[in-house]
Amino acid sequence: MKVPADHALLLSGLLLAPSVGASTCQEPINHVGEPNSYVQPLNTSILTPYGSSPPVFPSPETKGKGGWENALVQAKNWVSQLTVEEKAWMATGQPGPCVGNILPIPRLNFTGLCLQNGPQCIQQGDYSSVFVSGVSAAASWDRKLLYDRGYAMATEHKGKGTHVVLGPIGGPLGRSPYDGRTWEGFAADPYLTGVCMEETILGIQDAGVQANAKHFIANEQETQRNPTYAPDANATTYIQDSVSSNLDDRTLHEIYMWPFANAARARVASFMCSYNRVNGSHSCQNSYLLNHLLKTELGFQGYVMSDWGATHSGVASAESGMDMTMPGGFTVYGELWTEGSYFGKNLTEAINNGTIATDRIDDMIVRIMTPYFWLGQDKNYPSVDASVGPLNVDSPPDTWLYDWKFTGPTNRDVRGNNSAMIREHGAASTVLLKNERNALPLRKPRNIVIVGNDAGSDTQGPSTQTDFEYGVLANAGGSGTCRFSYLSTPQDAITTRARQYGGRVQTWLNNTLITEKSMPELWNPEQPDVCLVFLKSWSEENIDRTYLTLDWNGNAVVEAVAKYCNNTVVVTHSAGVNVLPFADHPNVTAILAAHYPGEEAGNAIADLLFGDANPSAKLPYVIAYNESDYNAPLTTAVATNGTYDWQSWFDEELEVGYRYFDAHNIPVRYEFGFGLSYTTYNLTKLVAAKPVASNLTALPEQRAVQPGGNPALWDTVYTLTAQVSNTGSVDGYAIPQLYVGFPDTAPAGTPPSQLRGFEKVWIEAGETKKVTFELMRRDVSYWDVTAQDWRIPAGEFTFKAGFSSRDFHANTTATLLRK
């Protein structure tokens, strides 16, 4: 492995010793006794170019800020009644019916906590819905859709007895398109992902269910996400440790922490610390990340849980800010075993011998219980549906050591009328990438050919657990996988439409046959009016993608069809980025990226194809011409076998996604924010709505920290308006976007333009509407690594508005700081 010179400090010290509570031997930063003001600046002399995590102790106690004050009092009163053993098992997960379980305490009428996946559905849910995926929701660029989706998912979770939804996902952010879990998250942009996180959390928690913001932080690859262990009986000896995400302080704040600040601001109940190390220290025992950045700088008031198996120490993890370990160990009520957990009985012993202070364990449980009381989960909350237990692949019933009691009806149907909403969301999140010769919408074509193994019914059961050749791909693999109660397929939906007007539909779903046969032979005796090609791209947790082309020889399928069919429409169901070499083929008239749209996949795409819905979605990532055009490759192998040799250097710094392509003027096939419609739009008259405040300062006023950080960062400091017109003949949703170019006085490496606003607005044909972009202080600031604060740079800002990151229709300039 070639090591850049500025990485030498990390390799010579930070990364060559196992992390305990922090990554260095510097003097710890102590936040005890701080005034109720802004965050105490760090001693920047102890920060390396890659921000080595200095120790920060003790873990701050929650104050219930942001509206949790009454719930905090309830939690403290409740915790005061617990024994030491009960406190220990409150922080330790147990095998049980849900993917994560906290044991009941019957004497206090506490029925326990049920934690369930996932970001698209109830993973262990029968008679439940499969919603659009995270990447689909982000592609909608629709705040209301994000909120409604979160609320509806949580309502179903609550009906099954879930207390905590393990989502939404702000990491992976999408540093690399090869990451296997980007589809569970949102967008390769911190601003858009931040909006998605905040709206989703508000929706989930307004339904009375706790949300969990994951995975904190810089969790940008699946390869070597966990240590490799020696094959001994206890599996506690590392052969090689988990990959370390090595990044600088500014990048950490401006890219990867940004959406988690939105999560904290939304008063999310919990955070999940990630598998990877960060600058050499395991995320779940990195005191700088958890105690300083999360609980102090962002003012997070809830609890931190580990990812499943991401706990690698007991005392060190607790003191570094982790409050709950999952999935925990094995427990019998009244007796905690040490097997399988660094907490459990070990935590009890640490409390009894004074290794962990009583104040710390009390704060851990108070943090866990405060959102429980805040959301009213202590009052008439639905019991856990007994049907979820047999579906639990993490801890099936034969592993349970506690005698779980179930009340209430089983196999509850929690779907309601959510299918109608999911259908609308599926159409609203499908991006129209190409539409030439007015190929779409379809105008009652008489002869339709449906091609491709993604068009028909799934052939391997209702649960999307592994890759499969035949069937529409509406969800993918891992802890985000779903169990379908039913699935609308493109083949069925399109055939139903065609029968209404007497059209003919022929289907060929075997990709191998399609590429081997002569296509005219297949559709004789007449040329089709349209050939609809359905292709897919699989992705899953724990495995990174190895290529960005479509699966099952998808490119060859398109070529085989388009060679003879002069009106070929391609639809992809995918985790996100696919390179699309066939986009230049003259017979490929239209392309739609449908992502993973959930149970109404077929009806949703039919609504778009036949014009019942007007496309409005936009790309939440960049589609390049070539795979080699993307930067930030994953660390997929190491040439040496040292314990700590897995290192991922985030040398691209702020050049994530479109920022990289723009900074280096790299042509792209379809840019970030791009998406066509069946109508056309224009944007004009980008102007300031009101003058800049005369007393605006470079650094924010130091106010008392609230969830989300210093409240001054969320103040509106500049407002612009623009006129958006529908210049076509079809009513539809326009999504104008605002990008900001910082002054030259901003530090080197600042991207040429960054998304800082968008609106989704319905505009009838010929109509013009005014849109408003409100910029908060954080939007026009960069992270000053010396001041350890957000700074507005001096000089002239450029504001650019349009319909993608490279389609600007109006711009204006302004100087925000007055001399």
Side-chain angles (χ1 to χ4, degrees), residues 7 10 14-15 19 22-23 47-54 168-182 184-190 193-194 197 213-227 241-264 271-294 297-298 300 304 306-307 310 312 320-322 541 544 631-636 644 646-657 659-660 749 783 785:
H7 300 161
L10 288 175
L14 170 62
L15 301 179
S19 56
S23 313
L47 295 177
T48 73
Y50 278 77
S52 64
S53 305
I169 292 174
L173 181 78
R175 172 180 180 253
S176 169
Y178 292 94
D179 185 285
R181 296 189 77 177
T182 54
E184 294 184 49
F186 294 109
D189 175 75
T193 295
M197 291 287 282
K214 63 183 193 179
H215 307 86
F216 192 74
I217 193 171
N219 174 59
E220 296 296 322
Q221 69 175 62
E222 294 297 286
T223 304
Q224 195 65 19
R225 67 179 189 170
N226 281 317
D241 208 344
S242 53
V243 66
S244 179
S245 299
N246 302 322
L247 68 167
D248 65 277
D249 190 33
R250 186 182 177 198
T251 299
L252 183 62
H253 278 82
E254 293 191 29
I255 301 294
Y256 300 101
M257 267 182 65
W258 185 289
F260 287 110
N262 289 81
F271 269 67
M272 182 185 291
C273 49
S274 54
Y275 285 120
N276 55 289
R277 293 177 291 151
V278 176
N279 292 328
S281 180
H282 284 287
S283 297
C284 290
Q285 62 187 59
N286 189 316
S287 62
Y288 174 72
L289 295 182
L290 303 183
N291 287 343
H292 176 68
L293 293 181
L294 181 56
E297 186 176 312
L298 294 185
F300 173 58
V304 177
S306 73
D307 204 337
H312 299 287
S320 296
M322 196 187 77
E541 181 180 359
D544 289 313
N631 66 334
L634 301 179
T635 301
T636 56
Y644 307 106
W646 279 88
Q647 309 294 327
S648 181
W649 304 103
F650 287 36
D651 288 342
E652 72 283 353
E653 298 180 344
L654 304 182
E655 292 182 359
V656 174
R659 293 164 170 77
Y660 166 72
W783 179 254
V785 298

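Along the sequence shown, residues carry numbers from 1. Both backbone and side-chain heavy atoms feed into the values below; hydrogens, waters and symmetry mates do not.
With D179 contributing its side chain and G174 its backbone, the two residues share no donor-acceptor pair below 3.5 Å. Judged by distance alone, the side chain of S245 and the main-chain N or O of A218 form a donor-acceptor pair under 3.5 Å. With hydrogens and angles disregarded, a donor-acceptor distance shorter than 3.5 Å links the side chain of S176 to the backbone of Y178. In this structure, the side chain of H215 does not engage the main chain of C273 through any donor-acceptor pair within 3.5 Å. A donor-acceptor contact shorter than 3.5 Å links the side chain of N631 to the backbone of E655. With S320 contributing its side chain and Q285 its backbone, the two residues share a donor-acceptor pair below 3.5 Å. Looking only at distances, a side-chain donor or acceptor of Q221 sits under 3.5 Å from a matching main-chain atom of T635.
Considering only heavy atoms from C-beta on, R250 stays 4.5 Å or farther from E653 through its side chain. Annotation: side chain of V278 is not in contact with side chain of Y288 (no heavy-atom distance under 4.5 Å). By the 4.5 Å heavy-atom criterion applied to side chains, W646 and S244 are not counted as neighbours. Inter-residue side-chain proximity for F650 and N246 is flagged as unmet; no heavy-atom pair is nearer than 4.5 Å.
Annotation for S287 and P54: closest pair OG-O, 4.0 Å, computed over non-hydrogen atoms. Listed here is the closest heavy atom pair of M197 and G170: SD-N, 3.4 Å. Scanning both residues, R181 and E184, for their nearest heavy atoms gives NE-OE2, 2.8 Å. Nearest heavy-atom pair across E220 and L173 is OE2-N, 2.7 Å. Heavy atoms only, all atoms of each residue included: G171 and F260 are closest at N-CZ, 3.8 Å.
Electrostatic pairing of R659 and E254 does not count as a salt bridge here, judged by no charged N lying under 4.0 Å from a carboxylate O. Ion pair R175/E652 flagged as a salt bridge, since at least one NZ, NE, NH1 or NH2 atom sits closer than 4.0 Å to an Asp/Glu carboxylate oxygen.
In this structure, F216 has its ring center at least 6.0 angstrom away from the ring center of Y256.
Atom CG of L252 and atom CD1 of I217 lie 4.5 Å apart (nearest 0.5 Å). Within the model, atoms CG of N276 and CG of N219 stand 5.0 Å from one another, a figure rounded to the nearest 0.5 Å. The structure places NE2 of H312 at 10.5 Å from OG of S281, a figure rounded to the nearest 0.5 Å. A distance of 6.5 Å separates CG of L298 from CZ of F271, quoted to the nearest 0.5 Å. In this structure, M272 CE and M322 CE are separated by 11.5 Å, a value rounded to the nearest 0.5 Å. For the atom pair CH2 (W258) and OG1 (T193), the distance works out to 12.0 Å, reported to the nearest 0.5 Å.
Between the side chains of S274 and D307, no donor-acceptor pair of N or O atoms lies under 3.5 Å. Side-chain contact of N286 with S53: a donor-acceptor pair under 3.5 Å is present, judged by distance alone. For the 3.5 Å distance criterion, the side chains of W783 and D249 qualify, holding a donor opposite an acceptor. No hydrogens or angles considered: a donor-acceptor pair under 3.5 Å links the side chains of T251 and D248.
Residues passing the side chain to side chain contact (heavy atoms under 4.5 Å, CB included) test with S242, sequence neighbours excluded: P227, R277, H282.
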(request) Applying side chain to side chain contact (heavy atoms under 4.5 Å, CB included), run through L289 and L294 and close with a yes or a no. (result) CA-CA 6 Å; L289 295 182; L294 181 56; over 6 Å; no
